[in-house]
Enquirer: 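Sharing a structure with you now.
All chains are named by letter (A, B, ...) in the order of the sequence lines, taking the proteins before the strands, and each is independently numbered beginning at 1.
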2 protein chains.
Amino acid sequence: MNAIETPTGDELLRVLAALGNPHRMRIVAALAGGRNYVSRLAREIGMSRPLLHMHLQRLEAAGLVVGSLELSDSGKAMKFFEVSPFAYALTPQVVAEAARTLSEPEARGGAPVQGREQGQGREQDQDEKERAT
Amino acid sequence: MNAIETPTGDELLRVLAALGNPHRMRIVAALAGGRNYVSRLAREIGMSRPLLHMHLQRLEAAGLVVGSLELSDSGKAMKFFEVSPFAYALTPQVVAEAARTLSEPEARGGAPVQGREQGQGREQDQDEKERAT
DNA sequence: GTCACGTGTCAGATTCTTCTTACACCCCAA
DNA sequence: TTGGGGTGTAAGAAGAATCTGACACGTGAC
C-alpha cells in the first residue's frame, strides 16, 4: 500500500519536518540500502547513538521507518530498523489540500497520538493592526 | 517544466525544510488559490508582515514561490507572490539519491548560491569510537 | 567478576528557528 | 505637512531543536 494518496495536514507536516534534516536524510538513505541495527548504523554514519536514537524516533513517528527489537543468535537484543515504502507527491495542490486539515500547535507538538481529534475550526479572523506607533 | 526529476540533496533539503512548517504550508495553500501581495496576504492569514516576509523568503529560496515587485495603478509598489508549479516525488529512493549530494553544513547555511559546487565526495568512513569511558 | 557490546533514557549546554518590535523609505491624497 | 498604505530590514527575546556526556540495564565470553 504505497500508493500515492492524500495525507492529512499533520501527517504531511511530520513527514516533511522529519525529512527536512540532513542527518535524517542520510539515515533514510543508509537504511534504503538495507536494514540495520542502531549501534552499527551509528558507527557507519559517524553519529553518536543517543543522537541517532532521537532521529530514528522522529522518523518512526513520521512513519518513514519501522523498528523491531530482535534477538541475535548470540542472545543480544538488537533493534533493527528499515525504511517503510512511503510515497508522497509534493505539489501545490497536495500542500493546499493538506493545509486544510492542520491542527493547532498544541495538538501537534503536544501528543503524537494517531487518534484524530476533531478540528476546532478556529480560523484567524482578527484584522491585526500591528503598526501601533 | 514541472516534470518530476531528481533534485540535488541541498535542493530537496531546502524544499522539505521549507514545507515542513505549518505556517509555510498555509502560505503555500493560500497562494495556490491565487497570487497575492504581501500586506494583503498577511491580513488574510492573520500574520505579521515581517514574519510573513521571512517565511516567504524561505519559500522563495526553496523555489516554491516566486515574487515580483509590481506597480499598482495608484503608483504603489507591491510585491506579488505566486506558487511555482513544483512537483517532487518523495520516496526512499529519491531521498537516498539526494542524500549522496548533500553538502557540508557550512556550505548549506552559509551561502544560498545556486551555482553547483562539485560534490566533495566526502563520505563518512571513520569508525568513531565515541564510547570513551 | 569483569569486559565487550547491545539496549534505552535523561539533564544540560548549545545552536537554530521563530516571532515581535521598531525603524527607515516611497508614493499618493487631503 | 500630515496621514494612510505599500515596501524592506535589523535587534533582541522567546522557544524549539539538536547534540553531548553520563547513567542504568541485559547477555555472552573470558
Enquirer: Look at all strands and tell whether A/Arg24 reaches a base, only sugar-phosphate, or nothing, counting heavy atoms closer than 4.0 Å.
Expert: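 It contacts sugar-phosphate atoms only.
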Enquirer: Rounded to whole Å, please give me the gap between CG in B/Leu13 and C1' in C/dC16.
Expert: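 About 14 Å, once rounded to whole Å.
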Enquirer: Does some side-chain heavy atom of B/Leu16 sit less than 4.5 Å from a side-chain heavy atom of B/Leu90?
Expert: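 Of all side-chain heavy-atom pairs linking B/Leu16 with B/Leu90, at least one is under 4.5 Å.
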Enquirer: Want to settle it: does B/Lys76 or A/Gly75 sit nearer the 5' end of DNA chain D, counting the closest nucleotide to each?
Expert: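 Its nearest nucleotide lies further toward 5', so the answer is B/Lys76.
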Enquirer: Is any side-chain nitrogen or oxygen of A/Arg58 closer than 4.0 Å to OP1 or OP2 of D/dT18?
Expert: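 Checking A/Arg58 against D/dT18: at least one side-chain N or O falls below 4.0 Å of OP1 or OP2.
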Enquirer: When the distance from CZ of B/Phe81 to P of D/dT7 is rounded to whole Å, what number comes out?
Expert: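 Going from CZ in B/Phe81 over to P in D/dT7 covers 9 Å.
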Enquirer: Does OP1 or OP2 of C/dC28 have a side-chain N or O of B/Ser74 closer than 4.0 Å?
Expert: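 So the side chain of B/Ser74 is outside the cut-off, no N or O lying under 4.0 Å from OP1 or OP2 of C/dC28.
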Enquirer: Side chains of A/Asn21 and A/Arg58: closer than 4.5 Å at any heavy-atom pair?
Expert: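 The answer is no; the side chains never approach within 4.5 Å.
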Enquirer: Provide, to the nearest angstrom, the distance between the CG atom belonging to A/Asp73 and the P atom belonging to D/dT27.
Expert: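 It is 16 Å, rounded to the nearest whole Å.
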Enquirer: What is the distance from CE of A/Met47 to P of D/dG21, rounded to the nearest Å?
Expert: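 Those two atoms, CE and P, are 15 Å apart.
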Enquirer: Determine: side-chain N/O of B/Asn21 to OP1/OP2 of C/dT17, distance under 4.0 Å, yes or no.
Expert: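 Answer no for this pair, as no side-chain N or O of B/Asn21 is under 4.0 Å from OP1 or OP2.
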Enquirer: Would one find a side-chain N or O of B/His55 under 4.0 angstrom from OP1 or OP2 of C/dT17?
Expert: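 For B/His55, the contact criterion (side-chain N or O under 4.0 Å from OP1 or OP2 of C/dT17) is not met.
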Enquirer: Take the protein atom CG of A/Leu56 and the nucleotide atom C1' of D/dT18, then report the distance between them rounded to whole Å.
Expert: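 About 15 Å, once rounded to whole Å.
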Enquirer: For B/Leu52 and D/dG6, give me the distance from atom CG to atom P, rounded to whole Å.
Expert: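 In whole Å, D/dG6 P lies 13 Å from B/Leu52 CG.
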Enquirer: Under 4.0 Å: is that the gap between some side-chain N or O of B/Lys79 and OP1 or OP2 of D/dG8?
Expert: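 For B/Lys79, the contact criterion (side-chain N or O under 4.0 Å from OP1 or OP2 of D/dG8) is met.
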Enquirer: At under 4.0 Å, does any side-chain N or O of B/Ser48 touch on OP1 or OP2 of C/dT20?
Expert: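 Yes, within the criterion.
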Enquirer: Rounded to whole Å, please give me the gap between CG in B/Leu51 and P in D/dA13.
Expert: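 Value for this atom pair: 18 Å.
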Enquirer: For C/dT7, does OP1 or OP2 lie under 4.0 Å from any side-chain N or O of A/Tyr37?
Expert: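 Negative; the distance criterion is not met.
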Enquirer: Do B/Leu31 and B/Leu59 have side-chain heavy atoms sitting under 4.5 Å apart?
Expert: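 No. Closest side-chain heavy atoms not under 4.5 Å.
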Enquirer: When you check the phosphate oxygens OP1 and OP2 of C/dG6, does a side-chain N or O of A/Arg43 lie under 4.0 Å from one of them?
Expert: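 Yes, such a contact exists.
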Enquirer: Output yes when at least one side-chain N/O atom of A/His23 is less than 4.0 Å from OP1 or OP2 of D/dC19, else no.
Expert: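 Yes, because at least one side-chain N or O of A/His23 sits under 4.0 Å from OP1 or OP2 of D/dC19.
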Enquirer: Could you check B/Met78 against B/Gln57 and say which one's nearest nucleotide on DNA chain D is further toward the 5' end?
Expert: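 Going by which nucleotide is closer to the 5' end, it is B/Met78.
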Enquirer: For B/Ile27 versus B/Ile45, what's the shortest heavy-atom pair and its separation?
Expert: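 It is CG1-CD1, 3.8 Å.
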